[in-house]
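For clarity, every value in this text was computed on a predicted model and none was experimentally measured. Order of the sequence lines sets the chain letters (A, B, ...), proteins ahead of strands, with each chain counted from 1.
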Protein chains: 2
Amino acid sequence: MQDNATRTGKRERAGKDHDVSVDLIAVVVAVADQEPRVLTIGEANGLPSGPFELGHRSLQFGLRTWVEQQTGHRLGYIEQLYTFADRDRIGDERQERVISISYLALARMDQVAGSPKRAWRSWYDFFPWEDRRAGIPLLVTEILQPRLLAWASGAVDATFCGERRRRAAIAFGFDDHDWNEEFCLQRYELLYEAGLVEEAMRGREANGALIPGPAMIADHRRILATGIARLRSKIKYRPVVFELMPPVFTLLQLQRTVEALAGVTVHKQNFRRLIEQQDLVEETGQMSSDTGGRPAKLFRFRHAVLDERPSAGTK
Amino acid sequence: MQDNATRTGKRERAGKDHDVSVDLIAVVVAVADQEPRVLTIGEANGLPSGPFELGHRSLQFGLRTWVEQQTGHRLGYIEQLYTFADRDRIGDERQERVISISYLALARMDQVAGSPKRAWRSWYDFFPWEDRRAGIPLLVTEILQPRLLAWASGAVDATFCGERRRRAAIAFGFDDHDWNEEFCLQRYELLYEAGLVEEAMRGREANGALIPGPAMIADHRRILATGIARLRSKIKYRPVVFELMPPVFTLLQLQRTVEALAGVTVHKQNFRRLIEQQDLVEETGQMSSDTGGRPAKLFRFRHAVLDERPSAGTK
DNA sequence: CCTTATTATGCTCATGTGGAGTATAATAAG
DNA sequence: CTTATTATACTCCACATGAGCATAATAAGG
């Protein structure tokens with residue numbers, strides 16, 4: 001049979017004529033001080049990563065091993081993000097093909113052990129335009145928008161100009177378009193295409209018109225953007241925020257965490273109504289008066305909802 | 001730096017001590033005669049697939065090459081599904097690791113060229129319990145539900161019995177739970193775990209209590225379930241159904257296509273209201289009287305919506 | 001020609017959800 | 001005793017969604 005011949009042929013070739021290596025890459029997220037943070041390695045800002053090896057029982061297990069080894073951190077919640085294989089995006093021109101399987105992991109920062117070469121950096125360091133909690137950043141209106149429009153105008157003909165302008169408007173919420181926090185990846189990719197981030201200028205001469213925000217190793221900033229987009233989307237229909245919360249918390253703390261992730265503020269009363277009507281939390285009976293002002297009830301996550309309903313989330 | 005050391009080490013090892021081969025696998029979907037169909041290869045029911053090779057410009061390009069070679073079919077819309085690497089799910093016990101990167105592709109059946117070894121099979125052949133358009137199939141109430149409950153009762157202690165029963169109820173909509181057509185993958189995985197599908201019994205003695213529905217090669221049925229779940233989810237917020245429609249169609253044809261994919265029927269008037277208020281289609285000015293009964297207006301997809309709004313879908 | 005079956009299409013109505021505002025209660029700090 | 005801050009309850013409205021009834025236009029059968 002043709003298909004069997006194909007498959008047999010593949011098996012015989014396996015491990016011989018194909019120079020493919022597989023990398024596992026983790027976007028490890030935690031929230032502290034109302035700031036979403038990501039675990040980075042070294043001063044060149046890499047994500048924890050390592051090759052998938054024969055000894056690894058599974059992809060996830062290999063990932064856990066590497067992250068634990070490089071950061072001393074034991075992962076809890078893990079979810080696969082995407083598999084990348086673009087030769088031109090990793091920054092060096094090897095003949096060998098590298099496949100990057102990326103994962104999103106959620107953690108609590110209080111579990112963190114010390115280690116010299118790793119850091120919890122705010123993800124808004126890398127994507128300053130993604131934080132709209134204090135309104136639209138000046139960076140966007142003063143720098144980003146003009147440069148994107150300039151890039152759009154630089155297209156070869158009028159049709160492409162209009163198309164570029166429209167894509168920028170949809171991604172960044174210009175004109176009458178709404179801001180959608182889930183378009184994080186599209187925004188980064190647009191900036192890459194426009195040559196406004198450092199990663200796009202590798203091997204080319206810098207044109208000096210880069211947008212603020214440090215580059216990361218290889219295509220790790222794209223992977224981080226993928227993780228942010230996924231998490232921002234997922235908190236809406238799955239109770240994953242609680243993976244980032246301490247065991248006991250107030251509703252305002254929960255809200256601030258969601259806002260930190262989403263990069264936008266939400267209506268306080270509506271947020272509480274949503275949480276309570278979905279029975280996501282239960283009262284502990286205790287109160288918190290850390291903040292000054294009327295003491296808040298302390299809640300804990302109702303783990304039973306994981307059995308009851310796979311859906312249900314925040315916002 | 002530690003991270004650089006790690007990365008350098010990885011590069012040196014690359015292509016030497018890791019026996020990893022990468023497979024590309026395609027779930028190619030089309031709809032005809034109100035039946036969702038998937039492209040299969042050979043009599044053992046495999047999905048089109050082949051190894052990722054150095055010559056391939058990208059993962060997607062490699063996939064297109066293999067599918068075209070094996071089926072004579074040129075792919076249009078493509079989207080990545082998931083990357084699998086479970087040694088115990090592919091059915092043979094090689095030491096070498098196989099990584100399967102799976103994709104969902106949408107096609108129109110009128111484009112199909114003839115070829116001996118490939119077939120367009122209804123995906124409900126493989127998942128008869130997923131088709132609820134004519135009500136709940138007898139298969140479910142007569143065979144599937146009792147056997148799942150028996151499996152649940154067979155757990156080691158009462159706690160696990162209850163947990164298994166709850167998971168089955170959520171996945172299949174038993175008791176007062178709603179049926180959710182998007183849980184296609186969870187349902188298959190549950191049946192696998194319960195030993196009710198052939199793939200779960202490989203290397204073990206058959207217990208004779210299998211559920212109807214033919215097995216596929218390796219873990220291809222799981223990959224197909226992943227594709228179905230993704231597509232059922234995606235048609236709700238992205239205008240992807242039109243990738244499966246002919247250039248011109250009536251609203252009822254569109255509705256029947258959506259219903260074929262979702263496996264459930266929808267309210268006719270509400271469906272039309274939804275489509276029209278989202279400006280997804282425009283009239284061609286022509287009418288169709290193929291069916292008998294009042295002639296229907298013919299519509300075409302407004303391709304402009306792809307630029308205007310990335311969201312918007314059916315249902 | 002008239003009835004019946006079938007399909008297309010327009011309109012209504014109840015319900016629920018989500019955005020946004022107002023009002024009140026309980027605390028700390030000056 | 002005032003002010004600032006936070007927590008919490010309640011209301012209102014726009015809009016989406018589920019479900020039904022009514023009417024229009026055709027084919028097929030008597």
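Atoms CZ (A:F299) and C1' (D:dT8) sit 10 Å apart, rounded to a whole Å. One interatomic measurement links the two molecules: CZ of A:F271 to P of D:dC10, which rounds to 20 Å at whole-angstrom precision. Between the CD atom of A:Q253 and the P atom of D:dT8 there is a distance of 12 Å, rounded to whole Å. A straight line from CD1 of A:I275 to P of C:dG18 spans 12 Å, rounded to a whole angstrom. Look at NE2 on A:H267: it is 12 Å from C1' on D:dC12, rounded to the nearest Å. A:K236 has its NZ atom 18 Å from the P atom of C:dT17, to the nearest Å. Separating the OH atom of B:Y237 from the C1' atom of D:dT17 is a distance of 20 Å, rounded to the nearest angstrom. Rounded to an integer number of Å, the gap from B:L254 CG to C:dA8 P is 12 Å.
No contact: A:L251 has no heavy atom under 4.0 Å from any strand.
Remark: DNA chain C takes part in the stems C:1-30 with D:1-30, each of 3 or more antiparallel Watson-Crick or G-U pairs, criterion distances under 3.5 Å.
With sequence neighbours excluded, the residues satisfying side-chain hydrogen bond (donor to acceptor under 3.5 Å, both in side chains) with A:E282 are A:R300. Scored by the side-chain hydrogen bond (donor to acceptor under 3.5 Å, both in side chains) test, B:Q145 finds no partners at all (sequence neighbours excluded). For A:F301, the ring pair (Phe, Tyr, Trp, His ring centres under 6.0 Å) criterion is met by A:F242, A:H303, not counting sequence neighbours. Under the rule for a side-chain hydrogen bond (donor to acceptor under 3.5 Å, both in side chains), the partners of A:Q269 that lie at least two apart in sequence or sit in another chain are A:H267. Taking A:E189 as the reference, A:R89 meet the side-chain hydrogen bond (donor to acceptor under 3.5 Å, both in side chains) condition, with sequence neighbours excluded. In terms of the ring pair (Phe, Tyr, Trp, His ring centres under 6.0 Å) criterion, residue partners of B:Y82 (sequence neighbours excluded) are, by chain and number, B:F84.
Between A:F271 and A:L274 there is no side-chain heavy-atom pair separated by less than 4.5 Å. Using a 4.5 Å cut-off on side-chain heavy atoms (C-beta onward), B:F127 and B:R187 make no contact. Residues A:I143 and A:R147 form a side-chain contact, since some pair of their non-hydrogen atoms from C-beta on lies under 4.5 Å apart.
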Between the protein and nucleotides 28-30 of chain D, list every N/O to N/O distance that falls short of 3.5 Å.
none

Taking only N/O atoms, report every protein-nucleotides 10-15 of chain C pair under 3.5 Å with atom names and distance.
| unit_1 | atom_1 | unit_2 | atom_2 | d |
| --- | --- | --- | --- | --- |
| C:dG10 | O6 | B:Q269 | NE2 | 3.2 |

Pairwise N/O distances under 3.5 Å, protein to nucleotides 26-30 of chain C:
| unit_1 | atom_1 | unit_2 | atom_2 | d |
| --- | --- | --- | --- | --- |
| C:dA26 | N3 | A:R294 | N | 3.4 |

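Ion pair A:E193/A:R167 flagged as a salt bridge, since at least one NZ, NE, NH1 or NH2 atom sits closer than 4.0 Å to an Asp/Glu carboxylate oxygen.
The aromatic rings of B:Y188 and B:Y192 sit tilted relative to each other, their planes meeting at an angle between 30° and 60°. Between A:W179 and A:F172, the ring planes lie tilted relative to each other; the angle falls in the 30° to 60° range.
Nearest to the side chain of A:L274, among D:dA7, C:dG18, D:dT17, sits C:dG18.
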Enumerate, atom names and distances included, each donor-acceptor pair closer than 3.5 Å involving a side-chain atom of residues 224-233 of chain A, sequence neighbours excluded.
| unit_1 | atom_1 | unit_2 | atom_2 | d |
| --- | --- | --- | --- | --- |
| A:T226 | OG1 | A:R222 | O | 2.8 |
| A:R230 | NH1 | A:E79 | OE2 | 2.7 |
| A:R230 | NH1 | A:Q80 | O | 3.0 |
| A:R230 | NH2 | A:L81 | O | 3.0 |
| A:R232 | NE | A:L261 | O | 2.7 |
| A:R232 | NE | A:A262 | O | 3.4 |
| A:R232 | NH1 | A:E130 | OE1 | 2.8 |
| A:R232 | NH1 | A:E181 | O | 2.9 |
| A:R232 | NH2 | A:Y124 | OH | 2.9 |
| A:R232 | NH2 | A:E130 | O | 3.2 |
| A:R232 | NH2 | A:L261 | O | 3.4 |
| A:R232 | NH2 | A:A262 | O | 3.4 |

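For residues 245-274 of chain B, every residue pair satisfying the salt bridge (charged side-chain N to carboxylate O under 4.0 Å, His left out) rule, not counting sequence neighbours, is listed here: B:R256-B:E259.
Residue A:K268 has no polar side-chain atom (N or O) positioned under 4.0 Å from OP1 or OP2 of D:dT8.
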